[in-house]
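Note sheet for the following structure.
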2 protein chains.
Amino acid sequence: MASIRDVAKQAGVGVGTVSRALNGTGYVSTDTKKKIEKAARKLGYTPNELARNLYRNRTGIVGVMVPDLDHPFFSCLAKHIEMELYRQGYKTMICNTIGISDREKDYLDMLDRNMVDGIITGAHSLDGEEYLKRKKPIVSIDREFGPGIPLIGSDHAMGGRMAAELLVKNGCRKVLQVSGVAPGVAAQERHSVFKQVMQEQGVELLDMVMDWNVFDWNAHYEGMEKFLGRHPDIDGVFGGDMAAIACMNAVLQKGIRVPEEVKIIGFDGMDVTRMVYPRLTAVRQNVQLLAELCVNTLLDLVEERKGVPHRQILDVEMQFGGTTL
Amino acid sequence: MASIRDVAKQAGVGVGTVSRALNGTGYVSTDTKKKIEKAARKLGYTPNELARNLYRNRTGIVGVMVPDLDHPFFSCLAKHIEMELYRQGYKTMICNTIGISDREKDYLDMLDRNMVDGIITGAHSLDGEEYLKRKKPIVSIDREFGPGIPLIGSDHAMGGRMAAELLVKNGCRKVLQVSGVAPGVAAQERHSVFKQVMQEQGVELLDMVMDWNVFDWNAHYEGMEKFLGRHPDIDGVFGGDMAAIACMNAVLQKGIRVPEEVKIIGFDGMDVTRMVYPRLTAVRQNVQLLAELCVNTLLDLVEERKGVPHRQILDVEMQFGGTTL
DNA sequence: CTGTTAGCGCGTTCAG
DNA sequence: CTGAACGCGCTAACAG
């Protein structure tokens with residue numbers, strides 16, 4: 001609890017000198033500097049960051065909003081964001097919106113209260129207007145808000161096309177697509193492109209739409225079981241990693257063979273795709289790069305650097321597993 | 001950027017009155033209160049939390065340290081901690097230590113700088129002394145630091161015993177145990193108890209020790225493959241969820257049947273155990289309750305309530321899957 | 001080179 | 001019931 005005043009008194013100098021000495025800003029004679037450092041050590045002085053924050057009107061904290069931290073994609077994303085922020089001297093405040101727009105708003109409010117210097121958002125339940133009216137830096141993952149809010153994302157259209165083409169090449173004729181992302185979010189594109197390719201190729205396409213803010217495993221699995229009951233003859237599936245895996249299990253449970261009778265492709269390509277047997281073929285997002293771009297773009301805004309790109313789209317790649325031929 | 005001063009001027013009153021009116025503290029006539037609220041709305045006033053923080057010497061932020069946010073157990077834990085903290089009006093600062101003690105120390109320092117009101121730690125690479133010398137609230141998961149730092153954890157000993165007994169009941173005679181947690185951490189107990197039961201029952205036990213701060217999937221899988229090459233005749237496995245699953249895949253890859261030839265039991269019982277086929281039998285920790293206890297215990301400390309228990313151990317339960325009989 | 005002083009924005013006495 | 005004044009701890013500007 002020792003303050004800069006105590007250190008000054010102890011060292012027999014003024015507070016200004018202490019500040020300059022300890023921060024290495026401005027001139028201080030080597031002599032008094034030594035004295036000050038000794039006094040600081042003796043008192044166990046640690047600067048109170050709250051006072052600094054007030055003065056600078058900055059906290060060095062960045063908010064990260066995700067719909068569900070316990071989802072492989074978002075936990076991986078959050079991890080890499082935190083690591084990159086740490087590397088650049090920032091701290092990470094995390095926020096699980098679990099699809100509740102009030103939470104999203106609550107956290108956005110922290111921008112106005114100066115609690116965070118900026119926000120990276122991967123949660124999209126709240127109206128875009130709420131975002132646009134904020135004055136501090138925001139970057140968005142996979143959702144276009146409008147001017148002033150840079151977008152970083154993967155090339156979902158490319159991913160949808162790659163998946164569709166691979167299933168077609170595998171000879172699928174009746175395919176299920178599980179979609180479950182928020183409307184207006186780039187991730188939706190993979191499904192429209194997928195559908196388009198399937199139509200062009202004359203492949204029958206069934207759609208299963210999951211409540212997009214439920215990343216609940218059971219919901220996926222049970223939905224899948226019911227679906228298989230009605231359509232036992234599908235021969236291809238495309239959906240997010242979790243949906244794809246849920247589907248695979250439901251299929252295996254019925255004694256149907258993968259990939260011989262049904263081919264499956266996931267989207268995201270997280271670690272979990274390598275934990276199932278056979279390994280899930282999936283379109284892989286480069287999450288680490290995504291995280292780094294988010295952080296760097298946000299910090300460009302925070303530190304007022306110029307020429308920040310409004311739109312950055314990353315390539316995806318096909319990660320071959322054992323669920324396709 | 002409107003400050004309380006602006007509001008006061010706009011409403012034609014003093015700043016003190018504005019403060020009392022908006023915070024509902026002290027007497028303010030209904031009349032002037034209305035005026036103030038109107039002025040505040042008109043100017044879009046939002047209190048600057050940094051000033052408040054400085055005054056109160058509190059931020060309402062709790063730090064959460066985990067070794068790896070992209071690990072099913074820790075992402076689940078972090079999620080539930082965040083949710084409970086939010087419910088109680090606190091925010092969550094997250095920190096990935098990835099086994100680097102300097103990071104752990106950096107984040108601990110935030111306590112002294114008053115950036116966080118308390119810390120919940122599930123990361124244990126740093127010396128216990130560093131923890132004990134802090135003056136602000138800390139609670140620990142699965143590690144005993146000493147007086148002043150409450151411990152919350154699952155009953156690992158019980159879990160180890162349950163797993164061992166189930167494998168014995170399943171007729172296993174040569175069992176592999178994959179251990180990989182930090183020394184001095186309660187999680188270690190499950191392995192010692194497991195070993196003890198196996199010895200009592202005269203079952204042959206092999207040990208594979210993984211670098212405990214590597215939660216890397218590939219490391220687990222490759223280690224497992226090598227191990228199986230040397231010991232193809234094991235008939236039972238016990239390890240963390242990830243290790244158990246890595247093992248299962250390596251086993252299946254060799255054409256060995258699960259559970260007929262090898263029984264497998266995991267520890268943690270996260271969602272991922274239900275995504276593999278067959279589902280992994282696992283000792284399940286009650287992560288949500290664990291999270292809630294951590295938060296409530298920490299906040300008891302932060303808000304200076306009395307009678308905070310030093311040690312809270314939660315029961316675990318066996319979650320039966322298809323990898324045991 | 002150094003000490004003093006004025007804010008940063010808010011919450012709270014303490015006279016009126 | 002209300003306004004003015006002070007302090008939270010620190011930094012930067014300004015005299016000395």
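Note on naming: letters A, B, ... go to the chains in the order of the sequence lines (proteins, then strands), and numbering restarts at 1 for each one.
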**Q.** Rounded distance in Å - CZ (R58(A)) to P (dA12(D))
**A.** 13 Å

Q. Where the side chain of P47(A) is defined as all heavy atoms beyond and including C-beta, which of dC10(D), dG11(C), dT4(C) is the nearest nucleotide?
A. dC10(D)

Q.
Is it the case that the side chains of T97(B) and E104(B) hold a donor-acceptor pair, with the cut-off being a distance below 3.5 Å and no angle test?
A. no

(Q) From C-beta outward on Y55(B), which listed nucleotide comes closest to its side chain: dT11(D), dG11(C), dC1(D)? (A) dG11(C)

Q.
For the residue pair Y86(A) / N96(B), report whether a side-chain donor-acceptor contact shorter than 3.5 Å exists.
A. no

Q) Among the nucleotides dC10(D), dC8(C), dC8(D), which one has an atom lying closest to any side-chain atom of L54(B)? A) dC8(D)

Q.
Whole angstroms only, please: what is the CZ-C1' distance between R56(B) and dG11(C)?
A. 8 Å

Q | Euclidean distance, atom CG of residue L50(B) to atom P of dT11(D) [Å, nearest integer] | A | 15 Å

Q) Whole-Å distance between dT2(D) C1' and I36(B) CD1? A) 10 Å

Q) Any side-chain N or O of S3(A) under 4.0 Å from OP1/OP2 of dC8(D)? A) no

Q) Nearest to the side chain of T17(A), which nucleotide is it out of dG3(C), dC1(D), dC8(D)? A) dG3(C)

Q | 5' precedence on DNA chain D between S29(B) and A2(A) (nearest-nucleotide basis) | A | S29(B)

Q) Does T32(A) have a side-chain nitrogen or oxygen under 4.0 Å from the phosphate oxygens OP1 or OP2 of dT2(C)? A) yes

Q: Look at the side chain of A51(A) and decide which nucleotide, out of dC10(D), dC1(C), dG11(C), has an atom nearest to it.
A: dC10(D)

**Q.** Minimum-distance nucleotide (side-chain atoms of Y45(B) versus dA5(D), dG3(D), dC10(C))
**A.** dC10(C)

Q) How about Y90(B) and D117(B): does a side-chain donor come under 3.5 Å of a side-chain acceptor? A) no

(Q) Taking the minimum atom-to-atom distance to the side chain of R20(A), which one of dT2(C), dG9(C), dG3(D) wins? (A) dT2(C)

Q: Consider the side chain of R5(B), meaning its heavy atoms from C-beta on, and name the nucleotide among dC10(D), dC10(C), dA5(D) that approaches it most closely.
A: dC10(C)

Q) Whole-Å distance between dT2(D) P and L22(B) CG? A) 14 Å

Q: Measure the shortest side-chain to side-chain distance between R103(B) and M65(B) over non-hydrogen atoms and say whether it is less than 4.5 angstrom.
A: no

(Q) I want to verify a distance call: between dT11(D), dT12(C), dG11(C), whose nearest atom is closest to the S19(A) side chain? (A) dT11(D)

Q: Using atom CG of N23(B) as one end and atom P of dT13(C) as the other, report the distance to the nearest whole Å.
A: 13 Å

Q) When the distance from CG of D6(A) to P of dG9(D) is rounded to whole Å, what number comes out? A) 9 Å

(Q) If you compare all heavy atoms of I152(B) against all heavy atoms of T297(B), which two are closest, and at what distance to 0.1 Å? (A) CD1-OG1, 3.5 Å

Q. Tell me: NZ of K9(B) to P of dG9(C), nearest whole Å?
A. 12 Å

